[in-house]
Protein chains: 2
Amino acid sequence: MVSPRPTIMDVARTAGVSSATVSRVINGATTVDKELSKRVQAAVRATGYVPNALGRSLRRGGTSQIAVVAPDAENPYFTQIIGEVERIARDQSHSVTVAHTEDDLAVEQECFAQLVSRHVSGVLLVPVDGMRTDLGPLTDAGIPVVLVDRGIDGAHTDVVATDNHDAGRQAARHLHERGFRAPAVIAGSQTLRTTEDRATGFLGAWRELGVEVGADALQRGDLHLESGRTVMEQLLAAGEADCVYVTNNRMSAGAFEAIRGVEGAPALLATDDDLWTRLVTPSVSVVHQAVRATSRAAARMLTQRMANPDEEPSTTLLRSRIIERDSTQPKG
Amino acid sequence: MVSPRPTIMDVARTAGVSSATVSRVINGATTVDKELSKRVQAAVRATGYVPNALGRSLRRGGTSQIAVVAPDAENPYFTQIIGEVERIARDQSHSVTVAHTEDDLAVEQECFAQLVSRHVSGVLLVPVDGMRTDLGPLTDAGIPVVLVDRGIDGAHTDVVATDNHDAGRQAARHLHERGFRAPAVIAGSQTLRTTEDRATGFLGAWRELGVEVGADALQRGDLHLESGRTVMEQLLAAGEADCVYVTNNRMSAGAFEAIRGVEGAPALLATDDDLWTRLVTPSVSVVHQAVRATSRAAARMLTQRMANPDEEPSTTLLRSRIIERDSTQPKG
DNA sequence: GTCAACCTGGTAATCGTTTACGCGTCAAGC
DNA sequence: GCTTGACGCGTAAACGATTACCAGGTTGAC
C-alpha cells in the first residue's frame with residue numbers, strides 16, 4: 001500500500017547519473033555540469049525525493065538541530081522565551097525542537113539522554129532545579145549548553161539570566177518610595193535560585209533602607225497559583241504587612257485572587273508582565289523581566305559557543321524594570 | 001580536546017564480544033548468556049555509551065518520535081494541548097518533539113519538510129489555515145497525521161476538534177436565557193473554520209430563537225488582542241448590542257479591555273477559560289473548550305493510526321460548556 | 001604531437017546500528 | 001556413536017547519505 005520513499009539512488013537512476021552527482025547537486029556543489037544539474041533537479045521533483053536526515057546526519061557526524069528545553073509548556077514566561085528563541089534560530093536556518101520537562105528531574109534526565117542520542121548540536125536549557133539538575137550527559141557528549149533564566153551551581157557553562165538580586169532590590173525601593181514600610185515577600189523553595197535571589201535582594205534592600213524586617217516577612221510557597229493564594233490569605237489574617245512582593249508569576253496570580261475586593265489590602269507587586277496583570281482591577285504593578293533581550297542573548301550565545309566550543313563560558317545578567325500600575329499607588 | 005563518543009564497537013571491544021551481542025543486550029534480546037550480558041552492561045557503563053539514534057533509526061527504517069505542531073507558542077489554548085499531549089505520549093514511551101509554525105504557511109511547510117526528512121512516526125497538527133494548509137508532504141511520505149482543533153477541507157485524515165457550531169449555539173442560548181436580545185459576535189477571518197463555525201452557529205441560533213439579527217451583528221477581527229479591542233470599541237460607539245460573543249481567546253481579552261470600567265457596557269461572553277477571565281472584575285463568562293478531552297482523544301487516535309494506518313479516518317467532535325461568571329448576569 | 005594540468009563524474013568506503021545467516025557446541029534420542 | 005535439534009554467538013550485509021579517490025576526457029603549452 002505505502003510505497004517506500006524514494007532514496008538518492010532512485011533519483012540517480014531516473015536522472016541517469018550516479019548518487020554522488022545527485023548529492024553534489026543537492027548540496028550546491030559548483031563542480032557539476034549545468035545540463036546534468038537540470039536533469040537531477042527534474043528527477044528530484046519527479047520522484048518527490050526528500051533527503052533522509054538520518055542518513056545524512058549519520059554520515060556527517062552531527063545534526064544542525066538545536067533544542068530548547070523548558071520546565072513547563074504552559075507558563076507564559078517560558079513560552080515567550082521559547083517563541084522568541086525559535087524565531088531567532090530559524091532566521092539563522094537552524095532547525096529547532098522543543099521539549100518540556102514538567103518540572104521533573106527524571107523527565108529532564110530522560111530528555112537529555114534523548115538529545116544526546118539524537119546528536120543535537122546545541123541546547124538552550126531552562127533547568128528544573130539549579131542545585132540538582134545534572135548537565136553531565138550533555139557536556140560529556142560535547143554538546144554546547146546555554147542556561148537560560150536559571151543558573152546551575154558549579155556548572156561550567158554559559159548563562160543568560162535576569163539579575164534577580166537586583167530585581168528584588170528594585171522592588172523594595174519602589175515600595176519604599178511610595179511610602180510603604182511593612183514589607184512581606186512570597187518566595188519559592190530555597191533551592192530555586194531565581195525566587196530566592198529576588199527574596200534576599202528584596203529583604204536586604206529594606207534593611208539597607210533602615211526598615212526592620214521581621215522573620216515572618218519571608219513566606220514560602222511552592223510556585224503554584226494555589227500556594228500564592230493561601231500564603232497571601234495568611235498574610236491578610238496576620239494583618240502586619242502593608243505591601244507584598246511576589247517572586248514568580250503563578251503565585252502572583254494566586255496572591256491577587258486573595259486580595260481582590262478586600263478593603264485595605266496591602267499593596268501588591270507581582271513578577272512578570274503577564275496578560276492578566278493589566279486587565280484586572282486594580283491593575284497590578286510588576287517587576288518585568290527582559291524576556292526578549294534574554295532570548296536574544298541566549299540564542300546568540302549558543303550559536304557562538306557552537307562555533308568555538310573551547311572559549312571560556314560567560315554569564316550575562318539582564319536588568320528587570322518595574323512597570324507601575326494601580327496596585328502600588330502611594331500610601332496615604 | 002573532545003574525545004569522540006563511544007560506539008557500539010567500543011563497547012564490544014571492552015566487553016570482549018561482538019557488536020551483535022551488544023546490540024542484543026541493549027535491545028533486551030533473551031538469547032544471550034547471562035554472564036555475557038553482565039559483561040556488556042558493565043562495558044556500557046564503563047564507556048558511557050549512548051546508542052546513536054541516527055544509526056539506529058536509519059537501520060530500523062523509522063524513528064519512534066511523534067511531533068506536535070502548533071501555530072503559536074504563546075497561546076494558552078495551544079500550550080495546554082501541547083502539555084497534555086506530551087504527558088500522554090511520554091506515558092506511552094514515545095518521545096515527543098514540539099514545533100511552532102508562527103501562524104505562517106511557509107513556516108508550516110518548512111516544518112513538514114523537516115519532519116518528513118527526520119522520519120518522525122506521527123504528527124499531531126494544529127493547522128495554520130483550514131483552507132490552505134497542505135498536508136501532501138506528510139501524507140505522501142506515509143506519516144500518520146491527526147488534526148487537532150482545526151479541520152482541513154477535503155483532507156482524508158483523523159480530526160479531533162471542538163463542535164464549534166454547537167459552541168456558538170450554546171453561547172446564543174446562554175445569552176438569550178439571561179434576557180439579552182441584541183446580540184453581536186466578533187469573528188475572525190472567513191477562512192478559519194473554528195471562529196467561523198462559532199459565529200454562524202451563534203447567529204443561526206438567535207434566528208431560531210426568533211430574534212432579528214442585523215448585518216452588523218457580525219464583526220470581524222484578525223484574531224489578535226488589539227483587534228478585539230478596536231472592534232469592541234466600534235460596537236460600543238454604535239451602541240446597538242446588549243451582549244457580545246467573542247470567538248477566540250486573544251480577541252476576548254482585547255474586548256474586555258474595551259469595556260472595562262464602562263458603565264452600561266454590553267454583556268461579554270468570551271472564549272476559552274484562560275487565567276485572566278476569572279481574575280478580572282467583573283469576572284468573565286466563557287465558552288470553555290474541553291482541552292483535556294481533546295488532547296487525550298487526539299493522542300489516542302494518533303497511536304491507533306500508527307498501529308494500523310489503513311483504517312478509515314474518523315472525526316471526533318467534543319462539546320464545549322459554558323462557565324458562567326459575572327459578565328453575563330441577567331439583564332434587568 | 002606529446003605531456004601535464006585540470007575538470008567532471010563515477011566507484012566505493014564510511015558513519016553506527018540491526019539482523020539474516022551460518023557455524024560451532026552440546027544434549028537428547030536412537 | 002551418530003544424527004538431529006536447539007541454542008548462543010559472530011560475520012557481514014544492509015539502511016541512505018557524503019566524500020576521498022580515481023579514471024577518463026579535454027585543454028593548452030611546448
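Keep in mind that what you see is a predicted model, and the values were worked out from it rather than measured. The figures here come from the full heavy-atom set of this structure, side chains too, leaving out hydrogens, waters and symmetry mates. To find a chain, count down the sequence lines: A is the first, B the second, and so on, and within it residues start at 1.
- Under the 3.5 Å distance criterion, the side-chain polar atoms of B:Arg193 are left unmatched by any main-chain donor or acceptor of B:Arg150.
- In this structure, B:Thr21 contributes its side chain and B:Val17 its backbone to no donor-acceptor pair below 3.5 Å.
- For the salt bridge (charged side-chain N to carboxylate O under 4.0 Å, His left out) condition, no pair includes a residue of residues 28-56 of chain B, sequence neighbours left out.
- Summarising the geometry, atom CE belonging to A:Met131 is positioned 4.0 Å from atom CG belonging to A:Asp153; distances are rounded to the nearest 0.5 Å.
- Of the residues in residues 51-62 of chain B, B:Pro51, B:Asn52, B:Gly55, B:Arg56, B:Arg59, B:Arg60 come within less than 4.0 Å of DNA chain C through at least one heavy atom, sorted by number.
- With a heavy-atom cut-off of 4.0 Å to chain A, the contacted part of DNA chain C has its first and last nucleotide at C:dT8 to C:dG16.
- Although no hydrogens or angles enter the test, the distance criterion places no donor-acceptor pair under 3.5 Å between the side chain of B:Glu86 and the main chain of B:Val96.
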Taking protein heavy atoms under 4.0 Å as touching, what does nucleotides 4-10 of chain D look like 5' to 3' if B marks base contact, S marks sugar-phosphate-only contact and - marks none? ----SBB

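- Applying the side chain to side chain contact (heavy atoms under 4.5 Å, CB included) test to A:Asp140 and every residue at least two apart in sequence or in another chain returns nothing.
- Ion pairing between B:Arg90 and A:Glu102 holds under the 4.0 Å rule for side-chain N and carboxylate O.
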Side-chain atoms of residues 61-70 of chain A: list all donor-acceptor pairs with protein atoms under 3.5 Å, sequence neighbours left out, distances to 0.1 Å.
from	atom 1	to	atom 2	distance (Å)
A:Thr63	OG1	A:Gln65	N	3.3
A:Thr63	OG1	A:His119	O	2.7
A:Gln65	OE1	A:Arg118	NH2	3.3

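- Judged by distance alone, with hydrogens and angles left aside, the side-chain atoms of A:Ser295 form a donor-acceptor pair with the main-chain N or O of A:Val291 at under 3.5 Å.
- Looking only at distances, no side-chain donor or acceptor of A:Ser57 sits under 3.5 Å from a matching main-chain atom of A:Leu54.
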